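What follows is one structure encoded as structure tokens, with my remarks underneath.
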Number of protein chains: 2
Amino acid sequence: MAAVRVAGKAAGKASAQPEPDRPADTEQRILDAAHRVFMARGTAGARMQDIAREAGVNQALLHYYFRSKERLAEAVFRRATSDLLPPLIAILGDPRIGLRDKVTRVVHHEIDQLSRTPYLPGYLLGELSQYPQRGEQLIALLTGIRPSTVVPGVLETVERQLRAAQRKGEIRATTPQDFLITVMSMCIFPFIARPMLETLFQWNDEQWTSLLARRRRELPEIILGALRR
Amino acid sequence: MAAVRVAGKAAGKASAQPEPDRPADTEQRILDAAHRVFMARGTAGARMQDIAREAGVNQALLHYYFRSKERLAEAVFRRATSDLLPPLIAILGDPRIGLRDKVTRVVHHEIDQLSRTPYLPGYLLGELSQYPQRGEQLIALLTGIRPSTVVPGVLETVERQLRAAQRKGEIRATTPQDFLITVMSMCIFPFIARPMLETLFQWNDEQWTSLLARRRRELPEIILGALRR
DNA sequence: GTCTATAATTTGATAGAC
DNA sequence: GTCTATCAAATTATAGAC
């Protein structure tokens, strides 16, 4: 069924380890390889054999370290969300950062991050819609263990700032949820839709790069404009 | 690996056919069933056996009508894009519809359509990132056969309208591609991100419905606000 | 820890009766 | 056209040597 190729970086030494290039931490090598394969093909489409080849080991080692494909999938999902969400929450939840500055920083952070890991959002959202257990995993990750106070905290902070700006007549009335959805939509959607956009608009890589640079620059004003009354 | 359940409507008579509820056109029943299963689990995660059960026939019949899973996947993809894109193009490409009206109509159409088929965008964009051949299928569908003039036509029309509005000082300078990406981001992203939003915000169905109604009402103004200089 | 070989299961596809 | 039975290949997982 002719699927996409996995992004190269065959035996790249991503992490830090003494050895010139060989062993490095095997478990880490496997996790890195799994990350790439799961990102590119999704959990259902990923093959243990491909991950083994990508990691430069045999398939049995995958089971030695991770027991089963499901466990490996969980580990990859955990790492993916850890890479993406905490920095975002740190910015959004910081009450010392004003609204305008906050929007700018989030836009820049998201576009920079996703430029490096373009498959990430499609993978994450696909996982969340296809496997209900990932939702619980997400919650668990955000909290340590118990029902989250992290997100409510962020929402409260943002709400306070929105209300203040609204009182000053700078923006229309809106909920923090709507605000966050707007910001995320504008930042993330183009990455998920990239193949469609390239097809519809007959774009090459250069035009894509140019779009990203333009939106990185203009999105903060566009989003703030969308909030004005 | 515990995947999502396929949306019910077990033997629902979606199309038009004389028979009370039984045979109906078998090929159509299979395609409907395949549509539901592919939407919910993606092509890689879909199982021919599940589709057969969903259609109330045996697995051999699937091959009798569609030859292979790949062919069936193509048929589903074709139908999905046919449902989604042409109406959108009809609105966007119509030069008689003014910019403001156009945004409103697109927002309403998209949110109404996706409320009925919430899996559609996630499925489509997932397919397009995972199987390069879908891009060509998409092009072929938009044109009949040869390199498309449909999308360029839409872009030209929209660009003319954007330029006119810009000359009148109503909006900032922007490309039709940026404009369309903004509109699509705002309409489509929440549907792809729904499981994440429900998890992060601890939402139930009612709160989701309420969000959709609110955004259906407010998005046109928000988007037009985003365009203002 | 890592390998080779192989088991066990799943899954797409076909043969052939009706 | 539709079914049952079955095949062949793919894929996850394990046994056991080194």
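These figures come from a predicted structure and were not determined experimentally. Letters go in sequence order (proteins before strands), and every chain restarts at 1. Heavy atoms only: backbone and side chains are in, while hydrogens, waters and symmetry mates are out.
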In whole angstrom, give the distance that lies between atom [atom1] of [X] and atom [atom2] of [N].
| X | N | atom1 | atom2 | answer |
| --- | --- | --- | --- | --- |
| D50(A) | dT11(D) | CG | P | 8 Å |
| N58(A) | dT11(D) | CG | P | 18 Å |
| Y65(A) | dT12(D) | OH | P | 20 Å |
| M1(A) | dT11(D) | CE | P | 11 Å |

- Message: Taking F77(B)'s backbone N and O only, do any of them form a donor-acceptor pair with E127(B)'s side chain (distance below 3.5 Å, no angle check)?
- Response: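 No: the side chain of E127(B) does not pair with the backbone of F77(B).
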- Item | Strand contacts (DNA chain C) in residues 71-80 of chain B, 4.0 angstrom heavy-atom criterion |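 None, since no heavy atom is under 4.0 Å.
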- In B/S/- notation (B base, S sugar-phosphate only, - none; protein heavy atoms under 4.0 Å), nucleotides 11-18 of chain C written 5' to 3' is SBBBB---
Which residues satisfy the ring-ring contact (aromatic ring centres under 6.0 Å, His included) test with [X], sequence neighbours excluded?
| X | value |
| --- | --- |
| F66(A) | none |
| F179(B) | none |
| F191(B) | W208(B) |

- Query: Which one of R29(A), R5(A), R36(A) satisfies the salt bridge (Lys or Arg N to Asp or Glu O under 4.0 Å) criterion with E54(A)?
  - Reply: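 Testing E54(A) for a salt bridge (Lys or Arg N to Asp or Glu O under 4.0 Å) against R29(A), R5(A), R36(A) leaves exactly one candidate, R36(A).
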- Message: So that I can tick it off, tell me whether R79(A) and D32(A) are bridged by a salt bridge, with the cut-off set at under 4.0 angstrom between side-chain N and carboxylate O.
- Response: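 Judged by the 4.0 Å cut-off on N to carboxylate O distance, D32(A) and R79(A) do form a salt bridge.
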- Task: Please check if any side-chain donor atom of D178(B) sits under 3.5 Å from a side-chain acceptor atom of T175(B), or the reverse.
- Result: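 Yes, because at least one side-chain N or O of D178(B) sits under 3.5 Å from a partner of the opposite role on T175(B).
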- Summary of side-chain hydrogen bond (donor to acceptor under 3.5 Å, both in side chains) pairs that have at least one residue in residues 62-73 of chain B, sequence neighbours excluded: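 Non-adjacent pairs meeting side-chain hydrogen bond (donor to acceptor under 3.5 Å, both in side chains): zero.
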